[in-house]
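Everything below concerns the one structure shown next.
All ligand and atom numbering here is 1-based and tracks the order in the structure.
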Amino acid sequence: MWRATIFTLFPEMFPGPLGLSLSGEALSRGIWAMDTRDIRAHGLGRHRAVDDTPAGGGPGMVIRADVLGASLDAGLDEDDRRPRLLLSARGAALTQVRARALASGDGVVLICGRFEGVDERIVAARNLEEISIGDYVLSGGEIAAMVVCDACVRLLPGVMGAEASSVEESFEAGLLEYPHFTRPRAWEGLEIPEVLLTGDHARIKAWREAEALRITRERRPDLLKRS
Ligand code: SAH
């Protein structure tokens, strides 16, 4: 079973939104599993301290390598081969291609930073890979970890109603998705594009491909250059 293990200072945030709707139903049906490890359980002293001031000075606090290392060592089996992803604004960007690759494996280990982040030494010492969910800064890795799980879980076999419904989506063909319409046929004077009402599947497919290309060219020309 695909399994996410999440190292966090806030285990009570999970499953959170992942416990509802598509991912929540898949969780209760046993298609995937999630467990959390409280990093603070390995904190130091009476106050279970997990962070300290940055070497070299500067603002904020840094999660200690010894604390996080102990937490990882205690919380994972030695033969666990799942990728260990450290949520980090400096990481390689999560993409649909990566989500699909992760979904096809055994699961993920997700490590959530807080404060200014984690002591750099932990990355190489525990074979972590930094992953980012976009070019902005969050206050912690937990919501980013949920994003990673959500993007993967919906791709697991049996999660989405129609198996096919994920293959035409944004990014799957290196393009943004074509626009959708549903009833009513006319709404506030706005009509559904006529071609979609013809039942002519070849024409509809051609229209959708052209729209996907047009929208991608307008909004994300970088995606076209990439392929
Ligand atoms: N000082 C860091 C930001 C720390 S934000 C910097 O400038 O890069 C605190 C934590 O939030 C990080 O350790 C990371 O786990 C998480 N985080 C912030 N932005 C993120 C992003 N774009 N993607 C994934 N995780 C992020």
Side-chain angles (χ1 to χ4, degrees), residues 2-18 23 32 34-44 47-76 80 82-103 105 107-155 170-171 219-220 222-223 226:
W2 198 89
R3 189 161 61 94
T5 299
I6 296 153
F7 288 79
T8 171
L9 289 168
F10 297 97
E12 62 276 25
M13 284 192 189
F14 295 89
L18 297 172
S23 54
W32 70 295
M34 208 201 69
D35 41 34
T36 53
R37 305 277 186 270
D38 188 352
I39 298 169
R40 197 169 295 281
H42 294 270
L44 307 173
H47 297 293
R48 298 229 161 270
V50 297
D51 56 343
D52 210 328
T53 54
M61 299 294 276
V62 176
I63 297 180
R64 294 173 58 120
D66 52 355
V67 171
L68 187 51
S71 176
L72 288 165
D73 295 345
L76 293 173
D80 195 326
R82 291 175 294 167
R84 301 172 169 197
L85 307 177
L86 172 65
L87 284 311
S88 160
R90 298 185 319 188
L94 176 68
T95 60
Q96 190 62 20
V97 169
R98 188 72 206 278
R100 212 168 255 295
L102 291 172
V108 286
V109 175
L110 296 165
I111 298 121
C112 304
R114 278 272 153 184
F115 323 120
E116 289 307 317
V118 303
D119 186 307
E120 186 74 19
R121 292 171 290 181
I122 196 73
V123 176
R126 290 298 179 277
N127 195 23
L128 309 185
E129 179 197 340
E130 293 179 73
I131 190 165
S132 164
I133 65 158
D135 290 341
Y136 37 78
V137 180
L138 304 169
S139 52
E142 287 77 11
I143 292 175
M146 290 176 198
V147 168
V148 174
C149 288
D150 187 273
C152 292
V153 164
R154 62 195 293 284
L155 299 174
S170 286
F171 306 115
R219 302 183 188 179
R220 294 289 306 277
D222 57 302
L223 292 177
R226 242 179 248 175

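Among residues two or more places apart in sequence or in another chain, the side chain to side chain donor-acceptor pair (under 3.5 Å) test is passed with Arg48 by none. The side chain to side chain donor-acceptor pair (under 3.5 Å) check on Arg40 picks up nothing, with sequence neighbours excluded.
Considering Val118, Leu86, Val109 in turn, Leu86 is the only one that fulfils the side chain to side chain contact (heavy atoms under 4.5 Å, CB included) rule with Leu128.
Protein neighbours of ligand 1 below 4.0 Å, counting non-hydrogen atoms: Leu87, Ser88, Ala89, Gly113, Arg114, Phe115, Glu116, Gly117, Ile131, Ser132, Ile133, Gly134, Tyr136, Val137, Leu138, Ser139, Gly140, Gly141, Ala144.
Separation of atoms CG (Leu138) and CG (Leu87) is listed at 8.5 Å; rounding is to 0.5 Å.
Trp32 contributes a side-chain N or O that, together with a main-chain N or O of Ser23, makes up a donor-acceptor pair within less than 3.5 Å.
A salt bridge (Lys or Arg N to Asp or Glu O under 4.0 Å) check over residues 133-150, counting only residues at least two apart or in different chains, returns the pairs Arg114-Glu142.
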